[in-house]
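The next block holds one structure in the form of C-alpha cells; read it before the comments.
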Amino acid sequence: MKVYPIALVDCNNFYASCEKVFNPKLKNKPVVVLSNNDGVIVALSAEAKALGIKSFEPLYKVKPLIEKHNVAVFSSNYTLYGDLSNRVMTTLKHFSPDVEVYSIDEAFINLKGFEWQDLTQYCKKIRDTVEKWTGITVSIGIAETKTLAKLANRIAKKNPEHNGVLNIYNLPDKDEFLKKLQVEDVWGVGRQYTKLLNGMSIRTAYDLANANQLWIKKKMTVQGLRTVKELNGLPCIKQEYSVPAKQSIVSSRSFGRYITEKNEIKEAVAGFVHRASEKLRRQNSAANMISVFLRTNPFKETPQYHNGCQVGLPFPMNSPAEMIEYAMAAVDQIFREGFLYQKAGILLAGIVPVETVQRTLFENIERREKIKKLTAVMDKINSEHSAGTLYIAAAGTDKTWAMKREMKSPAYTTSWKELPIVKASNISIYKKRD
DNA sequence: TCTGGGGTCCTAGGACCC
DNA sequence: TCTGGGGTCCTAGGACCC
C-alpha cells in the first residue's frame, strides 16, 4: 500500500503572536496571554518563554518577573484569535485541496499528488506565504502519518536550524529519529500513560513503536494501539475534511467572584444556555438533553459541594427561550444554600440534525413558530454586529459575577456599531445589551 | 488574591430483553 | 425456582487533545 505524505502546520505561540500582529510596539517584546478570568498564563511569546515563564502558571506567581521585564499581559481575546485563525486556514487552502482544520492553530494538509516535488521546499513556500499574508509564523512537519507529522513538527519548531520545516517522509533512518524523542512527546501519550510506559522501561518514541502491541492494547485501549502503528508509518487516523457536527456542547465558566445566591446562578446558567444554543443552531442541530452542573472551589478549604442534574427534553430543541425553563428547573433541583459557588455550566447532549426533528403531539406549534422567528432575528443581529448584542433577559444585565478580563486587547478585526433599540417581538424575553 | 474552557474516544458495568 | 448466554442500550469515569 502506498502511503502519502501528510503535513502538520502549527502556528507558533499562536495567541501571543495574534496580539503582536496588530501592535508593532510588541515586536521582540515578551508577551503573555491569560486564561478566562485572568487566572493563569495560557500562551507566551518566545521572549516570554526565554524569561523562564511557564505555561499554566498562575499570574500572581510570576508577577515580579513580569514587572521586572516589562512583559505585556493580555486577557484572552477569542474573537481576534478566531479571525486570524481563519486567515491562516484560508491561506493554507491555496496549497492543497485537502486541509483539515484540527484546532484553532493547527491544520493537517494532505500532500498526495505533490510528491514529485521537493516537499521541504514546498512547505517552506507555505510557511513564507502564511507569514506574509497573515503575520503569523508557522512550523511544519511532514511524514507518513499524523502522529509522525506531529513529531516532525515538534522538532521543526524546537530547532531553529530547520527553519520551521522538517520532512521525515521516507526518511531512511527513522529509528534514529524516534530514539531521540521521549515517549511523552508522542501525540496521545499524556501524563498517566507516560508513568505507565516508563514503568515498563518504555522511554522513547522508538521504544513505544516497538512495544508489545497486545500489552499496549490492553493497557491503552485501541487508541494506544493506533498510536503505535502510526509511529511505524501505518496511517490509522483518517483525515476529516469537513467539520463533523458536535455530539455534545458545553458552556461553563468560573465566576469572577464567588456566588451564593440562587438567582445569580440562574442568571449565569441562562447565559450558558444562550451561548450553547447558539453553537447548536450554527451547526443546524437540536438537543434532546440538557444537563446543568455547579460546584464550589475544590482548591479552597471551604465546605465543598458539587452536583449536576440531567433533564431529558420533551422534544429536540435549539432555542434558548424553549430550553431555559428546563435549565432553571434543574438549578432548583441541585442548588443548596450556604455554599460559595465558584463555577457552573451546562452540557447539551443527544444532539440531532434539525431536519430529523419530529413534531410531537403536544407541542404548541404557534408558540414554537414565534420563538423560531425571534431566535432567527436574534442570530442575524448578533452575527451582523457583535456577539451578545441581543441576549436573553434572564441572563441578567449587571453580571457582577462575570469573568475578569481586565487586560483585553482592542477589537482589531471587528467593528462595533451602536444599535437602535430593537423590539423584536411581543415575547419579552430578549433585551438589548446595556 | 490565585488554579481555563471545550471537546473526543473508549471501556466497564448495570439494566433489561429474549 | 434457579441458572445461563447473548445482545443492546445507557451512563459514569478515565484517558487524551488544544
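Just so you know, these numbers use all the heavy atoms, side chains as well, and skip hydrogens, waters and symmetry mates. Chain A is the first sequence line, chain B the second, and so forth, proteins listed ahead of strands; every chain is numbered from 1.
Nucleic acid contact class of A:Asp105 (heavy atoms, under 4.0 Å, all strands): sugar-phosphate only. Across all strands, A:Glu184 comes closer than 4.0 Å to no nucleic acid atom at all (heavy-atom distances). Nucleic acid contact for A:Lys218: none, since no nucleic acid atom lies under 4.0 Å from a heavy atom of the residue. Among the atoms of the strands shown, only primed sugar atoms or phosphate atoms (P, OP1, OP2) are found under 4.0 Å from some heavy atom of A:Val40. Within the 4.0 angstrom heavy-atom criterion, no nucleotide atom of any strand lies near A:Lys63. Among the protein residues, A:Phe56 comes within range of the nucleic acid bases, having at least one heavy atom under 4.0 Å from a base atom. Within 4.0 Å (heavy atoms only), A:Gln247 reaches sugar-phosphate atoms of the nucleic acid but no base atom. Across all strands shown, A:Ser251 has heavy atoms under 4.0 Å from sugar-phosphate atoms exclusively, and none from any base.
Look at CD1 on A:Ile237: it is 15 Å from P on C:dC16, rounded to the nearest Å. In this entry the distance linking CG of A:Asn153 with C1' of C:dC17 reads 15 Å, nearest Å. If you measure from atom CZ of A:Phe108 to atom P of C:dC17, you get 12 Å, rounded to the nearest angstrom. As rounded to whole Å, 16 Å separates atom P of B:dG4 from atom CG of A:Leu44. Atom-to-atom, NZ of A:Lys146 to P of B:dT8 comes out at 15 Å; the value is rounded to the nearest Å. Between the CG atom of A:Asp185 and the P atom of C:dC17 there is a distance of 11 Å, rounded to whole Å. Between A:Leu196 atom CG and C:dC16 atom C1' the separation is 14 Å, expressed in whole Å. Following rounding to the nearest Å, A:Arg253 (CZ) and B:dG4 (C1') show an atom-to-atom distance of 9 Å.
Side-chain polar atoms of A:Asn110 and A:Tyr4 form no donor-acceptor pair below 3.5 angstrom. Counting only N and O atoms by type, the side chains of A:Arg87 and A:Thr134 include no donor and acceptor under 3.5 Å apart. In the model, A:Arg203 has no side-chain atom that pairs as donor or acceptor with a side-chain atom of A:Gln182 under 3.5 Å. No hydrogens or angles considered: a donor-acceptor pair under 3.5 Å links the side chains of A:Lys49 and A:Asn13. Residues A:Thr137 and A:Asn12 bring no donor and acceptor atom of their side chains to less than 3.5 Å of each other. A donor atom on one side chain and an acceptor atom on the other are found under 3.5 Å apart for A:Tyr81 and A:Glu19. Judged by distance alone, the side chains of A:Glu184 and A:Thr194 never bring a donor and an acceptor atom under 3.5 Å apart.
Side-chain proximity of A:Tyr193 to B:dG6, C:dC17, C:dA15: nearest is C:dA15. Comparing B:dT1, B:dT3, C:dC18 by their closest approach to the side chain of A:Tyr60 singles out B:dT1. When each of B:dG5, C:dC17, B:dG7 is scored by its nearest atom to the side-chain atoms of A:Val250, the top-ranked nucleotide is B:dG7. Nearest nucleotide to the A:Ser252 side chain, out of B:dG5, B:dC2, C:dC17: B:dG5. Of the candidate nucleotides B:dG7, B:dC9, B:dG5, B:dG7 has the atom nearest to the side chain of A:Lys246. With C:dA15, B:dT8, C:dC18 as the candidates, the nucleotide lying closest to the side chain of A:Gln192 is C:dA15. Nearest nucleotide to the A:Asn36 side chain, out of B:dT1, B:dG5, C:dC17: B:dG5. Considering only the side chain of A:Asn37, B:dG5 comes nearest among B:dG7, B:dT8, B:dG5.
Rounded to the nearest Å, the gap between the C1' atom of B:dG4 and that of C:dC17 is 14 Å.
A residue-by-residue look at A:Ser35 and A:Ala245 shows that A:Ser35 has its nearest nucleotide of DNA chain B further toward the 5' end. The residue among A:Ile249 and A:Gln342 whose nearest nucleotide of DNA chain B lies closer to the 5′ end is A:Gln342.
Both distances falling under 3.5 Å, in either a Watson-Crick or a G-U wobble arrangement, place B:dC17 opposite C:dG6.
In this structure, A:Lys125 is not positioned above the aromatic face of A:Phe95 in the sense of NZ or CZ being under 6.0 Å from the six-membered ring centre and within 45° of the axis.
Remark: A:Ser103 is not in phosphate contact with C:dC17, judged by side-chain N or O atoms under 4.0 Å from OP1 or OP2. Between A:Arg257 and B:dT1 there is no side-chain N or O to OP1 or OP2 distance below 4.0 Å. For B:dG5, neither phosphate oxygen OP1 nor OP2 lies less than 4.0 angstrom from any side-chain nitrogen or oxygen of A:Arg275. A:Ser254 has a side-chain polar atom (N or O) that falls below the 4.0 Å cut-off from OP1 or OP2 of B:dG5. Phosphate proximity of B:dT3 to A:Lys61: absent, as no side-chain N or O sits under 4.0 Å from OP1 or OP2.
Using bins of under 30°, 30° to 60° and over 60° for the plane-to-plane angle, the ring pair A:Tyr341/A:Phe335 lands in the tilted bin.
Atom NZ of A:Lys279 has more than 12 neighbouring heavy atoms from other residues, nucleotides or ligands inside a 6.0 Å radius.
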Could you go through nucleotides 10-13 of chain B and list every protein N or O atom that sits under 3.5 Å from one of its N or O atoms, giving the distance for each pair?
{"unit_1": "B:dC10", "atom_1": "OP1", "unit_2": "A:Arg226", "atom_2": "NH2", "d": "2.2"}

